[in-house]
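Note sheet for the following structure.
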Amino acid sequence: MPSSRRLSAPKFEARWPAVVIWLCAWGLLWGLDGVFNLGNLALLLVLASAIAGVWLSALVSVGTSAAFVLMFNWFFVEPRYTFSVHLHQDLLLLVTMMGVSVVVSYLMARLRLAADLESQHAQASEQLRAWSDKLRETRDVMVQGRQLQAVMAQEAGCDVSVLLLEEGASDQGLGQSQLIGNAHGQDVQGLWACVQQFGAMGPGTGRHENQDTVFFPLRGRARAYGAAALPRQGAKQLTQLQRDTLQQACDMLGLEMERAQILRLTQQAKDDAQSHSLRNTLLTSISHDYRTPLANLMGAASVIHDQASRLSTNKITDLAQTVLDEAQHLNRMTTNTLQLARLDVAPMQIKKDWESLQEILGSVLAKARQRHPQRRMATMVPDGLPLIHCDAILLVQLFDNLVENAIKYSPADTQIDIQVTVQSNTLVVRVMDEGAGIADAWKDKVFQAFERVHAEAAQADATDENQLRRGMGVGLAVCKAIANVHGAKLWVEDRQPRGAVMCLSLPVQQQPDVMVET
Amino acid sequence: MALKVLLVEDDRELRQTLRDALHVEGYDVIASGSSADARAVLSHSMASDRPLDLLVLDLGLPDGDGGDLLRNVRAQYALPILIISARHDDANKVALLDAGADDYLVKPFSISELLARMRVTLRHRGTTVRAPQTHYRCGALEIDLAKHVVSKAGEPVHLTPTEFKLLARLVRQAGQVVTHRQLLVDVWGAEHVDQTHYLRLYMGQLRAKLEANPTEPSLLLTEPGIGYRLAE
């Protein structure tokens, strides 16, 4: 550390107070000579020596004190202008003065050294704190590595090379590595060795002392995430404190990289779990909900194929209708399952735009009427609804599923009502049927994909076929997922006197500006 | 004389089914399973004395994107093009309509839907040589673009200039889908291409003036995520 060198050998500017103090002391000595006795004058010298010691190194302080004691002997002790001493008292005085001066100087020097160390420690911890702040600024490990290189280079005053291992050193191998700096040959080998040994190497570290370069590992808790190398010119001059500081700086990056790796692993585990549950959903979908329509479809098609010559035209038309219906049913389930998978994997990748709820409901109804021309459906949509910011295709799918469910699970001669109401900051859409309704126990479960697979629950309700069928498939699960990505709420209510109400409340955002002509 | 249709579809079963169905309807069908083959048929047939009347094009082809073929054909010929595509490429569909496809149909579809779309597309006869449609009548609604007159059940309807421009744009391609982008560029100008909310509001106003029940329109139909279509 450059600052430590400066403190242990004060420059000339730092010594001038000591010079001034000595000059004053000698001035006083000359002035007071004859006024006070020798013992009192000697105390003045001891005082000056003690105060001057604050600004001088131990050696200089002891040296000057000794020189000045001799000078005192020369000028003030009888016989004057000789080093000989007449009286025994004076000799004792001189020796005591010498001893006190030396002790004071020595204590002063020790005190200053301790203060120096203290300030070095403070400086080191300040540097580490700044480094930890820097680490937090970026997630890019290469940038962090370069920052470490800069921090260490500043600290040691030489070129630094940093080796980074994103996966850390493990038994399986060393994974992907990045080298920052211009280490080559032996130093690169040294970096790798340092990573594997999980300890510092080189002069002053107790390991491989004969080397020129010092290596510090970037330590995590259990393994090293890289190493840093300080070559020749920097390595020799490092103090113990500097080595500790550099090692701590390296360890901070090591821990940071370990933290990042743990985060990565956690995310990966989460993704794996999600794709696993998605795969299960798809498999359940295929095994439970695709087989029935496929069986019907194959049955009808094979009858047409094998027995066409013996069937009436009406019968063939009926069978063809079954084929069409089941194919449409499969198409709907496939669309829903795929949409559920898509929303599960990337819920944020939906394309929102300003849409009119009236238009969306209009196109849903148009399709429903095409499929069920006999069914009565009525809408109550107030004029001048606010626009909603949504993905139109998803919302069409949502309402399409709700309407289709209402049609499927209520008697053919009853009406389906669709009602829109404006409440503060929300649009509430209600799709109402006059079917059997949904039991309280099922009101939340209907939105879970494949609730039916819970056999006991299904068994308990098996007496009421409608209840059981309500819980099937992905239709309502995909509705819930679509509602979620729009920040909307979807729930079931009872209709009086009978029937179910599927409610969707959509948030209304600040409307865009439009100039309206009249 | 039978109308000549080029059917480009890579799935053999579907190609055969469509080919038979179109044949039964009296079309003269050339079926092709790849982009390269389709290009060969096109260059040969368009130069002959009986050029193609319609191209029915599937998007996913084994040897190239149907979209590239569409752009090539559109650059060279005034041939009407009907796209048939699987549902997963909604965004692509809009891009193709903007690139000059006349209409699209999402798989799976019924033969009657395909035949209806083909009839509409053929009536328009491509985009460049078509005589612009200036007169429209459907149910109680009558529109005369030349005279700037719109009437419902014989009664004149007052439209604002923008409403009229929007309606006129749809009339010019009655029966076909017109994308949001096309409508915004033609009615409001290229700088307003992202202001979809203009469309929503003006379509709402038009429906309120022209439709019996604006929630369930019978004339101004919505194609969610794509655009609008004026019923024929």
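Residue numbering restarts at 1 for every chain, and letters A, B, ... go by the order of the sequence lines.
In the displayed structure, A:Q370 atom CD is contacted under 6.0 Å by at most 12 heavy atoms of other residues, nucleotides or ligands. Applying the 6.0 Å contact sphere to NZ of B:K152 captures more than 12 heavy atoms from other residues, nucleotides or ligands. Within 6.0 Å of CZ on B:R181 lie no more than 12 heavy atoms contributed by other residues, nucleotides or ligands. The environment of CD in A:Q423 is crowded: more than 12 heavy-atom neighbours from other residues, nucleotides or ligands sit within 6.0 Å.
Partners of B:Y198 according to the ring-ring contact (aromatic ring centres under 6.0 Å, His included) rule, which considers only residues two or more places apart in sequence or in another chain, are B:W188, B:H192.
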Got a list of side-chain donor-acceptor pairs under 3.5 Å for residues 301-309 of chain A, not counting sequence neighbours?
from   : atom 1 : to     : atom 2 : distance (Å)
A:S302 : OG     : A:M298 : O      : 2.9
A:S302 : OG     : A:G299 : O      : 2.9

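Top candidate by heavy-atom pairs under 4.5 Å with chain B, chosen from A:A366, A:S363, A:G384, A:A392, is A:S363.
For the atom pair CZ of B:R207 and CG of A:D383, the computed distance is 13.0 Å after rounding to the nearest 0.5 Å.
Closest of all the heavy-atom pairs between B:P224 and A:I393 is O-CG1, 3.7 Å.
Residues of residues 351-362 of chain A that come closer than 4.5 Å to chain B, counting heavy atoms only, are A:D353, A:W354, A:E355, A:S356, A:Q358, A:E359, A:G362, ordered by residue number.
Residue pairs satisfying the ring pair (Phe, Tyr, Trp, His ring centres under 6.0 Å) criterion with at least one member in residues 206-231 of chain B, sequence neighbours excluded, are listed as follows: B:H180-B:Y228.
Contact annotation: the side chain of B:L201 approaches that of A:L387 to within less than 4.5 Å [non-hydrogen atoms, C-beta and beyond]. The side-chain heavy atoms of B:E216 and A:R369, taken from C-beta on, include a pair separated by under 4.5 Å.
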